[in-house]
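Notes follow the structure.
Note that the numbering runs from 1 along the sequence shown for the chain.
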Amino acid sequence: MKNGMIECSVCHSKLVSPSAKTISRAYDRHKNRITSKQRVLNVFLVVGDCVLVGFQPILVYMSKVDGKFNFSPISVNFLTEVTKVFFAIVMLILQARHQKVGEKPLLSISTFVQAARSNALLAVPALLYAINNYLKFIMQLYFNPATVKMLSNLKVLVIALLLKVIMKRQFSIIQWEALALLLIGISVNQLRSLPEGTTAMGLPVTMGAYLYTLIFVTVPSLASVYNEYALKSQYDTSIYLQNLFLYGYGAIFNFLGILGTAIFKGPSSFDILQGHSKATMLLIANNAAQGILSSFFFKYADTILKKYSSTVATIFTGIASAVLFGHTLTMNFVIGISIVFISMHQFFSPLSKAKDEQNGVLELHDVHDRQRSKDSFINMAAGANEEASHRVGHDERQPLLPS
């Protein structure tokens, strides 16, 4: 992109680069014209996300031995990114085989180079995700699985602020109130959840836990918003090609983390398979599937919907951790979850739409009405013109009565 212009990957013509506000408005109008097929996709995304996100803290907890990890968390993240890269390559090959005649080949070098330039922004969320994936393991050392999942729901509020600032997304007062309810529900569940009597990083555990929580909430929120912006700004690019770049960047960043660990801790830590078990293999598969599903959320749905769907997984995580590990489900948890569901219903209610979004719907209806009125006027004018231009034939000049 040069001087605010981008080059079309098909005809190589110069086009104006879309701004954040343009992408936001385009998405709002697309959301207003949602089809039944899109609704089915959203349901599939939410259900799949609930299952995968719900299992993740449990698998991380099962991977611990005596409260510690015998493996390097960075190695798990690296293997996860490699798995996603392999998946993206396979799907890209399958998609290329089903291309129509005349379409630009997905596997050509020119397409790859052009897509790499257009999607360079994906390196930013890839780096942030690499940091966040490491923090997920650190958080498990301070909180039980259900608490980690509830803390991650704080990302919704941060994401909403970032969407407003970066992508110029509009939210109504009712939706902001729904997000406030979400924050209250999380706070209710968090009462008396911090462990006591241990230390971390030379700080009291409460300080260390709060510090990790702040980073744990902010970093992935930035990653999600930048990821949505990058994917939607290149909407015509194949999602599997975009994922190939995103996961490739992620694998590079995590591999650099492994090299850094080997330098400080010795060559023995370079063994990426050291300390792994069946639980960690399941964790890698779960994380890979969750990352792939998230990309479809960001490109075809919405970041807020992704995070709200993750809150639904909290019930599954809480119940499963209680059954498997004996964690107690307190009244705070039940009340907090209830408030979260009320918040979710309020946020996605048709009455909570922002004014700009409602005006967009009215604008579409007005356009259609004006088009129908215009067509009607054109038909009337055409009929009048046809009548005015009608030529009287020889037979029509004859008198009605004989002379």
Side-chain angles (χ1 to χ4, degrees), residues 48-49 51-93 122-123 125-145 148-149 152 200-201 212 215-216 219-220 223 227 240 243-295 313 317 320-321 324-325:
D49 188 63
V51 175
L52 296 174
V53 175
F55 266 116
Q56 185 189 38
I58 297 174
L59 292 175
V60 172
Y61 188 85
M62 292 173 61
S63 301
K64 291 191 293 187
V65 178
D66 297 329
K68 298 180 179 180
F69 298 116
N70 290 336
F71 58 89
S72 171
I74 301 179
S75 66
V76 171
N77 298 333
F78 173 73
L79 293 175
T80 299
E81 297 300 325
V82 171
T83 303
K84 292 190 290 185
V85 167
F86 179 76
F87 176 84
I89 293 175
V90 172
M91 295 304 298
L92 195 60
I93 294 175
L122 289 172
L127 175 60
L128 296 175
Y129 280 135
I131 298 173
N132 174 66
N133 291 334
Y134 178 76
L135 291 176
K136 288 180 181 179
F137 292 93
I138 300 299
M139 292 293 290
Q140 292 288 343
L141 299 177
Y142 299 101
F143 306 101
N144 59 52
V148 170
K149 185 56 24 220
S152 66
M201 296 175 59
Y212 279 127
I215 302 175
F216 180 68
V219 170
N227 197 6
Y240 301 114
N243 285 343
L244 179 61
F245 297 124
L246 177 64
Y247 305 148
Y249 290 138
I252 293 174
F253 290 135
N254 281 284
F255 184 74
L256 292 177
I258 293 175
L259 289 179
T261 304
I263 293 174
F264 287 99
K265 293 186 177 181
S268 60
S269 60
F270 191 73
D271 185 4
I272 60 176
L273 298 179
Q274 182 179 3
H276 287 276
S277 62
K278 293 182 179 179
T280 57
M281 294 296 105
L282 291 175
L283 178 63
I284 291 172
N286 180 277
N287 289 348
Q290 184 181 339
I292 295 168
L293 199 67
S294 297
S295 65
T317 304
S321 62
L324 297 176
F325 312 122

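- Within the 4.5 Å cutoff, side-chain heavy atoms of His276 are placed close to those of Ser75.
- One distance of note links NZ of Lys84 with CE of Met91; it measures 15.5 Å at 0.5 Å rounding.
- Here OH of Tyr129 is found 13.5 Å from CG of Asn77. Values are rounded to the nearest 0.5 Å.
- In plain terms, the two heavy atoms of Ala126 and Leu246 that are nearest each other are CB-O, 3.6 Å.
- Taken from CG in Leu282 to CD1 in Ile58, the straight-line distance is 12.0 Å, to the nearest 0.5 Å.
- Between atom CG of residue Leu52 and atom CD1 of residue Ile292 there is a gap of 10.0 Å, rounded to the nearest 0.5 Å.
- Of the inter-residue distances, the one linking Asn132 atom CG with Ile215 atom CD1 reads 11.0 Å to the nearest 0.5 angstrom.
- The CG atom of Leu122 lies 10.0 Å from the OH atom of Tyr247; values are rounded to the nearest 0.5 Å.
- The two residues Phe253 and Ala130 make their nearest non-hydrogen contact at CB-CB, 4.1 Å.
- Partners of Phe255 according to the ring pair (Phe, Tyr, Trp, His ring centres under 6.0 Å) rule, which considers only residues two or more places apart in sequence or in another chain, are Phe78.
- Smallest separation of non-hydrogen atoms from Leu128 and Val219: O-CG1, 3.2 Å.
- When the side-chain contact (heavy atoms from CB on, under 4.5 Å) test is applied to Ala279, the partners found at least two apart in sequence or on another chain are Met62, Ser63, Ser277.
- Contacts of Asn287 classified as side chain to side chain donor-acceptor pair (under 3.5 Å), with partners at least two apart in sequence or in another chain: Gln56.
- Summarising the local packing, OH of Tyr249 is surrounded by more than 12 heavy atoms from other residues, nucleotides or ligands at distances under 6.0 Å.
- The backbone N or O of Gly250 sits less than 3.5 Å from a side-chain atom of Asn254, completing a donor-acceptor pair.
- Between Thr80 and Val76, the shortest heavy-atom distance links the atoms OG1-O, 2.7 Å.
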